[in-house]
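One structure is given here, and the rest of the page talks about it.
Heads up: numbering here begins at 1 and tracks the sequence.
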Amino acid sequence: MYQFLSISFLPCANPPKFYIIVSRDHDPSDVRAAENPSYSNAHHRFPSPILHPKMSLKLPSAPNAGLFKQGYLSYLAADGATIRNIEAVREISLIVLTSMGPSGRNKILVNKHDKTFVTNDAATILNELDIVHPAVKMLIMALKQQEFEMGDNTNLVLIFAGELLNISEKLLITGLSVPEIVQGFGLANKYVQETLEKLVVDKVGDVTDTNELMKVIKPVIAAKQYGLEDLISGLVIDAVKLILNPKKPQSFNIDNVRVVKIMGSTLSSSEVVKGMVFPREPEGHIKNVTEKSKVVVFTSPIDISTTETKGTVLLHNAQEMLDFSKGEEQQLDALCAEISALGVRVVVAGSSIGDLALHYFNKYGILVLKVPSKFDIRRICQVCGATPLPRLGAPLPEEMGSIDVIETREIGGDRVTVFRQVGESTSRTSTIVLRGATQNNMDDIERAIDDGINAIKGLVKDNRLLPGAGAVEIELVKLITQYGEKTPGLMQLAIKNYAKAFEVVPRVLAETSGLDATEALSQLYAAHSAEDNLGLLQGVDIDGESENSLVDVSGAGIYDLLSAKQSAINLATEAACTILSIDQIIMAKRAGGPQVPQQRKPGNWDQAD
């Protein structure tokens, strides 16, 4: 082997040449000079050198450097890719860890559009953060799936998956392989799904009974708006009962409950309206319709028709100019007269409406309401049974809808228009008119209301309830540990550590409530160690009113939906196992040049749209 020592110029008769002095293992007497035979060891200080003229150095390069295009990034397991993924998930789970439970802390987020959010909802927090790490993105996909299917327990998905990966890191350091951990987690998850059905403590019998619905809605809203859960739950239940069909509760649609936010007053001034509420008044002089009337919905502009191409009109005198404008007026007048002759008393405009058209609608006593949101247009068509028309003209009989009452009311300082049915026992839609002092506060309350409405969606699918307040999690720790003791092989370690991950829920509930987490957990373990599941109903007392920090969840009415809990645990486990099984990340260079800054879209009162 050659070893690089130094670079030197050697004296010789000819012009000096560039030499590299290296050494190797050989006989010390075997010393030669390349071009100067008289050159000896005395001319330099290195022992046993050998000289190689015109020798070049080759710099080392990365292996397979020519495999990908320039700009690719590759992270191998040998470089710690698995540990890096776990650290990234840990970082994002720590963000929402303290936001869990009724005493969870709020986060202030300022997104790329400079909009400020104050919330403790994990789905909202991660939706507004620009996450670029590919492993964390996979976890966010699981969280969004939970939000889409159940609408609640999104915090649990993220926190539980983060805890599983923290435990996996310790197991990897201990010496377990990734397949053993993944298989152990899979067995434990399968056991949990079966065991949860045996831990059911209550059911919702009648979905039209207020007290029965309160069992499901109140704990969900308390986790977001603690202290206001009674008032908000009452609003949600009143809105749901207006549209829930007792004969067919499975047909319940969460889009049929809308929220309109009007600044001013306090939350106690909020109310539920049977029908749809729009935070604007009609355009013309007609403001109210007190009898059942036909409705037509136009999505095209209601104005004098214009050609798509430019045209030139040659007018020779003033009379021709008068005739030209009079012809347009007569055409619009005839259109409005034809619509009025069909019995239409309400026109909904999805686009602009001209002053001349508005004049003729007022002439024929037709109420005109402009609704710029296409989502609201769909809901109006659903309420009235109308068909949105992309063309301007007289509608066919089957394209018209009907409405019982349209009234303009003043709520606070704002004028609103209410569409509602009177005769039917169940409305097609209901609206919660939300009042509040600040926009951020009303936005957060709206998210709590959405979670409560989504709980009803899960309830009509499966009416079984589990004990809340961390009671079911501690019970699962006990049962999964017992199951792990019976499992042979190294997977026993993975299963028993999977059980420990459930400790995170009662521990966070105790910490955010100001309790001693260690003391609360020891009291919970002692209560749940009783035989015959006598301690199953013992959970964390976040109010701290009891001496032992425990509360009877049955007496306090704290329950969790079985379907939501099963879905959250399953999604979190699958996401954690998927991230754990990744041993290499290959990232291509981002396509395109500099990103064009996106313009902020004009806001709408209905932020969900």
For [X] versus [Y], what's the shortest heavy-atom pair and its separation?
X      : Y      : result
Arg391 : Ala394 : NH1-O, 3.6 Å
Gly470 : Leu509 : N-CD1, 3.9 Å
Ala448 : Gln225 : CB-CG, 3.9 Å
Val260 : Val277 : CG2-O, 3.4 Å
Leu561 : Leu459 : CD1-N, 4.0 Å
Gly452 : Val236 : C-CG1, 4.3 Å

- Message: Test salt bridge (charged side-chain N to carboxylate O under 4.0 Å, His left out) on Arg447 and Asp450; report intermediate values, then the result.
- Response: CA-CA 5 Å; Arg447 284 188 281 269; Asp450 287 341; over 6 Å; no
Just how far is it from atom [atom1] of [X] to atom [atom2] of [Y], taken to the nearest 0.5 Å?
X      : Y      : atom1 : atom2 : value
Ser233 : Ile217 : OG    : CD1   : 6.5 Å
Met276 : Ile380 : CE    : CD1   : 5.5 Å
His133 : Leu139 : NE2   : CG    : 11.5 Å
Ile366 : Ile339 : CD1   : CD1   : 6.0 Å
Asp121 : Asn155 : CG    : CG    : 6.5 Å
Ile432 : Leu235 : CD1   : CG    : 5.5 Å

[X] side-chain N/O to [Y] backbone N/O, donor-acceptor pair under 3.5 Å:
X      : Y      : value
Gln566 : Gln193 : yes
Lys287 : Pro282 : yes
Ser340 : Cys336 : no
Ser93  : Ile159 : no
Ser567 : Ala564 : no
Asn463 : Val204 : yes
Thr417 : Thr408 : no
Arg435 : Ile262 : yes
Ser103 : Ser513 : no
Ser99  : Arg105 : yes

- Query: Does NZ belonging to Lys144 count more than 12 external heavy atoms closer than 6.0 Å?
  - Reply: no
Salt bridge check, [Y] against [X]: does any charged N sit closer than 4.0 Å to a carboxylate O?
X      : Y      : answer
Asp376 : Arg258 : no
Glu128 : Lys107 : no
Lys565 : Asp560 : yes

- If we only count heavy atoms from C-beta on, is the Met214 to Ile237 side-chain gap below 4.5 Å? yes
